[in-house]
J.: 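Sharing a structure, written as structure tokens. Questions coming.
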Amino acid sequence: MAVKFYSHELKLFIVSVLSFLTIHYSTTFYITFPYIHNLPYREVIDVIVNLVVYSFVLSLLTYKLFRGNELGKYYIIWFWSIFLNYYFFGVSLYFPFHLGIFTGVTSALLYSIPPSLTMSAVRIKNKAFTGSLPTHQLWAGTVMFASLFLLSLYTGIIINTFIYGALAGLLLSFIAVGTRQTMINLSLIPLFIIAFYYSGDSIYHVTPLTLLLVFGSSLLIFWVSMKPALMVNRFTGEVTPLGVVSSISLSLFFPILVLALWFVTRIVTVAFKHSDYISPLTLSTIPIIFLPTVISSTVTDYFRGKELNKITRYYGGEAGTGIIGGVGLADGLWLDLVGVLTYYLTVLKFGFIDGTILYAVIIVPAIAILLRFA
């Protein structure tokens with residue numbers, strides 16, 4: 001049995017934990033500067049200076065821990081440190097504006113800039129490290145997860161099972177096991193557990209044909225959307241497999257597409273007086289979508305990976321090891337589940353019609369705008 005260990009990502013995670021603890025205990029060693037008359041936003045300046053000092057010390061302590069200089073990832077590290085402390089542990093940095101539930105995320109977006117720049121400046125002589133998870137992919141995961149957490153807090157719908165499962169998945173995601181041809185990232189274990197939990201008893205509230213319809217439509221959508229990708233050097237002809245890719249739009253619009261097919265099929269069966277075959281689309285039957293989402297995306301990822309190996313060998317390249325799932329919970333399999341859960345919370349709070357409109361008109365565009373900053 002082969003084992004792959006994501007050492008670089010684990011080291012970044014260790015820095016993330018240290019930065020989180022730094023923010024969490026910042027009140028213990030907070031540096032207060034002498035009062036300067038007529039200095040505007042003195043408290044904000046104090047916070048920024050403290051963050052710069054924290055980041056500088058942390059950068060020196062971990063300088064030899066990992067290679068490279070990845071400004072974007074340092075920003076994400078400090079964002080999560082401030083975000084999690086604010087919303088889940090009640091530790092907040094001074095912020096001059098009260099924006100309701102968005103105060104914490106806004107302060108995290110802004111206050112993450114100085115310490116990330118400091119950390120990058122300390123490592124300015126280091127070359128960029130290219131052998132790890134792309135920053136834009138990690139930022140996509142950050143936006144999707146943060147949006148889900150904010151929605152949960154806003155609606156008051158508790159998602160502790162997902163949070164604990166995601167935490168377990170994050171820790172397990174640094175290891176993949178399998179053969180030299182195919183490996184499975186261990187984060188898939190809690191991924192499937194979460195899907196089983198949220199589908200729950202809804203499987204008994206739908207007909208077998210409804211279940212087959214949801215599975216079939218999910219598999220069809222993923223098969224059309226997920227594609228094998230490779231890079232060909234035009235000068236040397238060298239072929240490099242990149243993996244199975246899909247658009248982030250798939251993760252956002254997937255639940256709407258599946259439920260739209262379900263809704264149309266239900267209307268057709270009712271029109272032809274065969275309504276008993278397809279169950280109605282209600283808040284009690286919608287959760288059935290979770291399990292088909294995870295199973296279909298995983299199956300598609302596996303077979304598209306096999307297809308990628310065939311294409312690579314056809315062009316004279318060497319087929320790599322196919323890994324189902326990815327490190328850091330930023331792969332498409334996890335983001336597809338996050339998208340479904342985000343939509344589910346929306347319709348659970350606002351109703352099927354209003355929730356769908358709110359999700360498509362406000363939540364999806366907001367996420368799309370934040371993704372532009374990658």
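All figures in this text were calculated on a predicted structure; none of them were measured in a lab.
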J.: Would you kindly check if the NZ (Lys) or CZ (Arg) of R266 is within the cone defined by 45 degrees around the ring axis of Y277 and under 6.0 Å from the six-membered ring centre?
T.: no

J.: Mind checking whether F145 and W334 have parallel, tilted or perpendicular rings, split at 30° and 60°?
T.: tilted

J.: Between F83 and Y87, what is the ring plane arrangement, given parallel below 30°, perpendicular above 60°, and tilted in between?
T.: tilted

J.: Compute whether any side-chain donor of one residue and acceptor of the other, for S173 and S187, lie under 3.5 angstrom apart.
T.: no

J.: Between S120 (side chain only) and S116 (backbone N and O only), is there a donor and an acceptor less than 3.5 Å apart?
T.: no

J.: Within the side chain of S147, is there an N or O that forms a donor-acceptor pair under 3.5 Å with the backbone of I363?
T.: no

J.: Between T293 and D336, is any side-chain donor less than 3.5 angstrom from a side-chain acceptor?
T.: no

J.: With a 3.5 Å distance limit and no angle check, can you tell me whether K349 reaches the backbone of Y154 through a side-chain donor-acceptor pair?
T.: no

J.: Answer yes or no: is there a donor N or O on one side and an acceptor on the other, between the side chain of S251 and the main chain of S247, under 3.5 Å?
T.: no

J.: Using atom types as modelled and distance alone, determine if a side-chain donor or acceptor of S217 lies under 3.5 Å from a backbone N or O of V214.
T.: yes

J.: Does either side chain, that of N160 or that of Y164, offer a donor lying less than 3.5 Å from an acceptor on the other one?
T.: no

J.: When you measure from the side chain of N69 to the backbone N and O of R123, does any donor-acceptor pair fall under 3.5 Å?
T.: yes

J.: Hey, is the main chain of L109 close enough, under 3.5 Å, to the side chain of Y75 for a donor-acceptor pair?
T.: yes

J.: Please report whether the ring centroid of F89 lies less than 6.0 Å from that of F20.
T.: yes

J.: What orientation do Y344 and Y198 show, parallel under 30°, tilted 30 to 60°, or perpendicular over 60°?
T.: perpendicular

J.: Any side-chain to backbone donor/acceptor pair from Y74 onto E70? Under 3.5 Å, distance only.
T.: yes

J.: Can K11 be said to sit on top of F13's aromatic six-ring, NZ or CZ under 6.0 Å from centre and within 45° of the ring axis?
T.: no

J.: Please answer whether the main-chain N or O of A2 pairs with a side-chain N or O of R180 as donor and acceptor at a distance below 3.5 Å.
T.: no

J.: Report yes or no: do N126 and Y63 form a side-chain donor-acceptor pair below 3.5 Å?
T.: yes

J.: Ignoring hydrogens and angles, tell me if any N or O in the side chain of S199 forms a donor-acceptor pair with the backbone of P287 under 3.5 Å.
T.: yes

J.: Less than 4.0 angstrom from a charged side-chain N to a carboxylate O is my criterion; do R304 and E307 meet it?
T.: yes

J.: Any side-chain heavy atom of V47 sitting closer than 4.5 Å to one from F95?
T.: no

J.: Do T285 and T282 have side-chain N/O donor and acceptor atoms under 3.5 Å apart?
T.: yes

J.: With a 4.5 Å heavy-atom cut-off, do S218 and F254 have their side chains touching?
T.: yes

J.: T210 and T207: side-chain donor and acceptor closer than 3.5 Å?
T.: yes

J.: Does I203 CD1 have over 12 foreign heavy atoms under 6.0 Å away?
T.: no

